[in-house]
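Naming convention: chains lettered A, B, ... in sequence-line order (proteins, then strands); numbering from 1 in each chain. Predicted model, so just to flag it, every value in this text is computed and none were measured.
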Amino acid sequence: MDYNFNEIEPKWQQYWRDQKTYHVENNSEKPHYYVLDMFPYPSGAGLHVGHPLGYIASDIYARYKRLQGFNVLHPMGYDAYGLPAEQYAIQTGQHPAKTTEQNIRRYREQLDKIGFSFDWDREVRTCDPEYYKWTQWTFLQLYNHYYDNEQGKARPISELVAKLEKGEQRTESGKSWGEMTEKEQQDYLMNYRLAYLADIPVNWCAELGTVLANDEVVNGLSVRGGYPVERKLMRQWSLRITAYAQRLVDGLEEVDWSESLKEIQRNWIGRSEGAAVWFPLDVKSNENVLPGAQAYMQQVNPQPVPSFEIFTTRPDTIFGVTFMVLCPEHELIDQITTPEQKAEVEAYVTWAKNRSERERQAEVKKVSGVFTGAYAINPLTEEKIPIWVSEYVLAGYGTGAIMAVPAHDSRDFAFARHFNLPIRQVVSAEKDVVSDPATWTESLDAKSGWSVNSGFVTGMKVKEAMAAVIDKIEKMGIGHRTVNYRLRDAIFSRQRYWGEPFPIYYKDGIATPIPEESLPLLLPEISEYKPTATGEPPLGHADNWAWDEEKCQVVNKSLIDGKKVFPLELSTMPGFAGSSGYYLRYMDPHNDKEYFSKEAVGYWRNVDLYVGGAEHASGHLIYARFWNKFLHDIGLSVVEEPFQKLVNQGMIQGRTSFVFRSKEDKNLFISKNLIKNPDDVSPIRVDINIVDNDILDTERFRQWRPEFADARFELEDGKYVCGWEIEKMSKTYYNVQNPDDLVARYGADTLRMYEMFLGPVEQSKPWDTKGIEGVFRFFKKFWRLFHDSDNTLCVSDEAPSNAELKVLHQTIKKVTEDIERFSFNTSVSTFMICTNELATLKCNKRTVLEPLTILIAPFAPHIAEELWHLLGNGETVCNAQWPKFNEKFLVEESFKYPVSFNGKMRFTMELPVDCTQEDAVAAVKASPEAQKWMAGKEPKKIIFVPKRIINIVC
RNA sequence: GCGGAUGUGGCGUAAUUGGUAGCCGCGCUAGACUUAGGAUCUAGUUCCUCACGGAGUGGGGGUUCGAGUCCCCCCAUCCGCACCA
């Protein structure tokens with residue numbers, strides 16, 4: 001064995017540990033660079049080959065930057081709170097801390113084998129009290145701040161109180177601040193705090209026994225586990241992330257992220273511009289039922305006549321309104337419904353409210369609704385329009401009421417058709433072309449064209465009409481320009497055990513923070529991880545879970561007296577709490593006085609490069625941006641956007657292998673290409689470990705499962721060929737490729753290089769072990785450049801030839817450019833070409849090979865380190881200097897030594913515009929430069945275009 | 001339905017950024033050395049054709065001296081959102 005990775009890799013991994021090679025200090029003369037990976041949740045299944053993909057890419061970049069002379073922060077940690085550990089605890093009674101600890105140890109072992117350059121001294125774990133102290137601390141800061149819309153940033157809640165005391169800010173109820181009771185004041189402030197408690201409709205998952213955030217629910221099912229989720233009104237902690245909606249949209253302009261990811265975030269925030277308009281109720285036609293409604297509406301809106309507020313993005317279509325629709329939850333329904341319609345409306349509202357999210361979403365296309373009997377007045381046309389109630393209007397968006405323009409909104413159109421309501425065209429695609437909407441099969445929704453039948457805006461383009469209508473509405477005092485966001489506040493409570501406790505206790509029903517000095521508030525031990533018999537969250541089982549205000553400490557809850565000792569909050573924080581600020585903590589992970597010091601954040605600023613999966617687009621990446629913006633407002637983080645450049649690595653899918661069992665004979669398995677009719681066989685997934693290049697190891701297959709012991713095979717050319725399909729990598733599909741096995745067989749360097757060679761980092765691709773042999777072969781060849789056939793070092797100090805130098809400098813140039821563009825697959829190719837060419841040239845010159853070990857060090861650190869030392873260098877290749885390429889060998893010298901990367905050489909010279917092929921050939925042959933370049937050889941082919949020659953193939 | 005992305009040999013991919021396709025690797029074919037090889041080396045490998053030659057980057061059109069690359073229209077696949085007024 002010549003290239004012995006089994007010996008090399010553990011040796012240098014130990015060396016790096018001993019020498020603390022990757023230890024990073026917070027101050028340096030060198031420029032700083034921060035490379036971060038999304039830290040993993042340590043699941044019980046361990047790593048599969050998909051996990052390290054991003055880590056390898058970021059490690060290459062971090063090592064490269066270090067060689068370029070940067071002080072590089074490249075940390076790793078664990079997102080250790082989470083549902084699986086708790087579910088496991090419920091089933092087995094094992095403390096989640098214990099399983100988490102075990103899983104972390106396994107992850108660390110696996111990571112270490114791959115040779116990453118993490119500074120493990122900076123490791124953080126979200127479940128560590130040293131760490132979650134600062135998660136709790138940030139929560140208290142959020143609780144103690146509100147968003148000041150005038151200054152456009154978070155300010156201490158005490159400033160708001162001061163304004164209220166001075167009477168500078170009116171309270172909505174009309175009571176002055178001084179007249180309010182303590183409880184009323186606190187309730188009032190809750191409407192402003194950035195972390196607040198409120199009764200809100202939440203996503204309740206009965207199976208998991210907890211509420212979930214919007215991004216944790218997909219199609220009415222929980223992301224974890226896939227259990228049904230229903231809407232329920234509950235008193236929950238929330239984060240007022242909506243206050244930052246505009247800044248979250250604007251900030252996307254500042255960062256270097258992929259367009260698709262920015263787009264996902266923009267859609268999630270869902271900014272839409274439009275107008276809010278008051279539609280007055282038609283009082284005359286409703287007089288008999290309206291005294292209550294009138295009083296109510298006069299109270300909630302400043303209009304002289306009782307009115308409904310609607311939101312629209314198409315104010316230009318206001319002349320086409322033929323009815324109004326309220327959501328079933330709308331508070332005015334009861335008041336306006338006429339006695340004749342009452343029974344029907346109530347039945348509908350009850351039915352709608354009891355439907356689950358899933359039912360609603362599954363039946364989106366079904367039209368339902370009911371007429372209230374009441375009418376409103378279109379404020380511009382003064383027409384009387386009927387008011388309906390329907391599910392398709394959502395309570396959570398806008399005002400829960402819409403003006404319906406069936407001609408120009410497909411949902412309104414469907415509704416109008418179903419209930420036979422009038423449809424009126426007010427926009428035409430081409431100027432002045434109108435038709436009878438009765439003949440339409442669909443509405444004209446596009447925000448383009450011209451207004452028709454629209455009073456004073458008739459003839460205007462849609463865009464102008466929008467502006468004109470809003471101006472008019474504002475002048476009339478019945479509405480205004482406004483912006484709406486789809487983004488909702490983030491629900492922050494979880495009815496779980498394994499998460500950060502809230503540093504909050506309840507004094508006379510008022511949420512009260514525990515003093516900052518008493519943090520962290522430790523997660524208590526409990527006997528059982530399930531909810532309590534009374535339906536309280538698991539923390540209800542904790543005996544030591546009450547707060548003694550005098551002693552400032554946690555005490556047994558039997559001591560609760562309502563005077564000094566009070567109950568503590570029973571829910572815990574969600575997963576995204578701990579992951580929202582971890583990148584800042586890495587800067588100063590052992591600081592017990594502050595979240596992180598001003599010096600540390602002043603030096604590192606923000607993450608320069610963040611690598612991770614795109615699945616966090618609408619979760620973690622929004623929450624972290626919000627978190628960071630808040631910390632920026634209160635003067636902690638120095639850059640508003642936390643992640644400057646973001647690279648999303650693609651998912652690695654599994655390639656599942658199948659055997660085909662005959663339906664007639666249970667013991668007969670037919671090779672893929674011998675199947676006559678697919679219906680005659682049933683495909684069965686087989687473990688990819690007993691399949692090699694789609695060829696089944698029939699012996700091992702018989703041993704794999706008892707039921708296959710008597711298997712017989714119909715072979716082609718003596719082989720059993722399996723079928724395959726690309727699926728998610730999962731244990732149950734037997735298609736999981738474990739990195740440890742590959743490291744054992746080929747070494748970490750080969751695994752690293754091969755994962756990069758697979759294709760662009762950003763692309764999702766199936767795992768396929770086939771090609772790894774090629775990379776392994778490359779390393780053996782590379783090793784042989786330095787060694788004789790008897791495996792002794794054979795590097796010479798002779799001066800290299802220009803041909804050799806040309807190969808080296810081309811490699812330096814190409815690899816440097818590739819790393820900068822994050823195109824690691826092409827760098828691997830470059831190394832292979834370089835090695836092949838040097839082997840052909842029989843190059844063994846130190847001045848060529850030594851820089852090469854540095855170039856390959858980011859990709860294959862172990863072999864690079866070994867060769868570096870074999871060449872007689874001390875210290876570590878990790879601190880070497882990245883070689884610079886010399887143009888001389890790329891341009892001038894290439895004339896003499898036309899070694900080329902793709903078998904073609906390029907030569908450019910000026911030619912007349914009307915030059916023919918013959919003229920060009922003659923001109924080339926006559927040119928001294930070209931002659932020099934071709935070095936006496938005859939050109940085989942000259943490809944030219946007017947003005948210049950492109951390729952000359954010798 | 002809306003939004004985003006992608007489409008190149010048997011397969012993963014590359015293409016000097018608009019320059020005359022298929023680099024590198026896998027696989028395959030032939031050969032060499034070998035007791036043997038799933039080791040190593042050499043040559044070949046887009047397709048059609050014995051060959052000459054021709055076709056060719058999902059399909060169709062366009063711009064250009066020149067298009068895998070730019071523009072328009074389809075088709076297919078993947079991802080995200082989904083009654084958001």
- Which part of the nucleic acid does Ser272(A) contact within heavy-atom distance under 4.0 Å: base, sugar-phosphate only, or nothing? sugar-phosphate
- How would you list, by chain and number, every residue that makes a salt bridge (Lys or Arg N to Asp or Glu O under 4.0 Å) with Asp818(A), sequence neighbours excluded? Lys814(A), Arg821(A)
- Got a sec, which residues hit side chain to side chain contact (heavy atoms under 4.5 Å, CB included) with Asp256(A), two or more places apart in sequence or on another chain? Lys645(A)
- Using the P atom on both, measure rG53(B) against rG58(B) and round to a whole Å. 27 Å
- Query: Partners of Lys463(A) by side chain to side chain donor-acceptor pair (under 3.5 Å), sequence neighbours excluded?
  - Reply: none
- Message: When you measure from the side-chain N and O atoms of Asn825(A) to the phosphate of rG25(B), is any distance below 4.0 Å, counting only OP1 and OP2?
- Response: no
- Task: Quick one: list whatever passes salt bridge (Lys or Arg N to Asp or Glu O under 4.0 Å) with Glu309(A), sequence neighbours left out.
- Result: none
- Classify the ring geometry between Phe415(A) and Tyr392(A) as parallel (under 30°), tilted (30 to 60°) or perpendicular (over 60°). tilted
- Task: Quote, to the nearest angstrom, the P distance that separates rU20(B) from rA67(B).
- Result: 12 Å
Short N/O separations, protein against nucleotides 37-41 of chain B, under 3.5 angstrom:
residue, atom, partner, partner atom, Å
rC41(B), OP1, Arg784(A), NH2, 3.2

- Lys765(A): what forms a side chain to side chain contact (heavy atoms under 4.5 Å, CB included) with it, not counting sequence neighbours? Leu53(A), Leu758(A)
Which protein N or O atoms sit under 3.5 Å from an N or O of nucleotides 4-12 of chain B?
residue, atom, partner, partner atom, Å
rG12(B), O2', Leu758(A), O, 2.5

- For atom P, what is the distance between rA21(B) and rC72(B), given to the nearest Å? 26 Å
- Item | Any-strand Watson-Crick or G-U partner of rG7(B), both distances under 3.5 Å | rC75(B)
- In terms of heavy-atom contacts, does CZ of Arg266(A) have more than 12 from other residues, nucleotides or ligands at under 6.0 Å? yes
- What is the distance from CE of Met832(A) to P of rG25(B), rounded to the nearest Å? 6 Å
- Whole Å only: how far is the CD atom of Glu442(A) from the C1' atom of rC2(B)? 14 Å
- Message: If I pick the C1' atom on rA14(B) and the same atom on rG9(B), what distance separates them, to the nearest angstrom?
- Response: 13 Å
- Residue list, side chain to side chain contact (heavy atoms under 4.5 Å, CB included) with Ser258(A), at least two apart or on another chain: Ser260(A), Leu261(A), Asn648(A)
- If the plane angle is over 60° it's perpendicular, under 30° parallel, otherwise tilted; pick one for Phe419(A) and Trp388(A). tilted
- All pairs passing salt bridge (charged side-chain N to carboxylate O under 4.0 Å, His left out) where residues 385-410 of chain A contributes a residue, at least two apart: Arg355(A)-Glu391(A), Arg360(A)-Glu391(A), Asp409(A)-Arg411(A)
- Who does rA51(B) pair with, Watson-Crick or G-U, both distances under 3.5 Å? none
- Note on the structure: Atom CD of Glu817(A) and atom C1' of rU17(B) are separated, to the nearest Å, by 12 Å
- Message: Could you tell me the Watson-Crick or G-U partner of rU40(B), where both distances fall under 3.5 Å? Say none if there is no partner.
- Response: rA32(B)
Throw together a table of side-chain donor-acceptor distances under 3.5 angstrom for residues 400-408 of chain A, partners on residues two or more places apart or in other chains.
residue, atom, partner, partner atom, Å
His408(A), ND1, Leu444(A), O, 2.9
His408(A), NE2, Val426(A), N, 3.0
His408(A), NE2, Val427(A), N, 3.1

- Gap between atoms CD1 and P, on Ile833(A) and rA14(B) respectively (whole Å): 13 Å
- Which heavy atom in Ser390(A) sits nearest to a heavy atom in Tyr348(A), and how many Å separate them? CA-OH, 3.6 Å
- Which value, in whole Å, describes the distance between the C1' atoms of nucleotides rU6(B) and rG66(B)? 26 Å
- Glycosidic class, syn or anti, of rU17(B) using a 90° window around 0: syn
- Indicate syn or anti for rG56(B), taking the glycosidic torsion and treating anything within 90° of 0 as syn. anti
- Under a 3.5 Å limit on both distances, the Watson-Crick or wobble mate of rC81(B) is rG1(B)
- Query: Looking across every strand, which nucleic acid part, if any, lies under 4.0 Å from Asn836(A) by heavy atom: base, sugar-phosphate, or nothing?
  - Reply: sugar-phosphate
Pairs: protein N or O with nucleotides 74-83 of chain B N or O, under 3.5 Å:
residue, atom, partner, partner atom, Å
rC83(B), O3', Arg411(A), NH1, 2.5
rC83(B), O2', Tyr392(A), O, 2.7
rC83(B), N3, Val364(A), O, 3.4

- With both distances under 3.5 Å as the test, what is the Watson-Crick or G-U wobble partner of rG19(B)? rC65(B)
- Message: Here's a test of your reading of the structure: between Leu487(A) and Thr840(A), which maps to the more 5' nucleotide of RNA chain B?
- Response: Thr840(A)
- Task: Considering only atom P, compute the distance from rG31(B) to rC48(B) and round it to an integer number of Å.
- Result: 22 Å
- Message: Distance check, C1' atoms only: rG18(B) and rU64(B), in whole angstrom units.
- Response: 9 Å
- Item | Partners passing salt bridge (Lys or Arg N to Asp or Glu O under 4.0 Å) against Arg271(A) (at least two apart in sequence or in another chain) | Glu273(A)
- Which value, in whole Å, describes the distance between the C1' atoms of nucleotides rG60(B) and rA51(B)? 34 Å
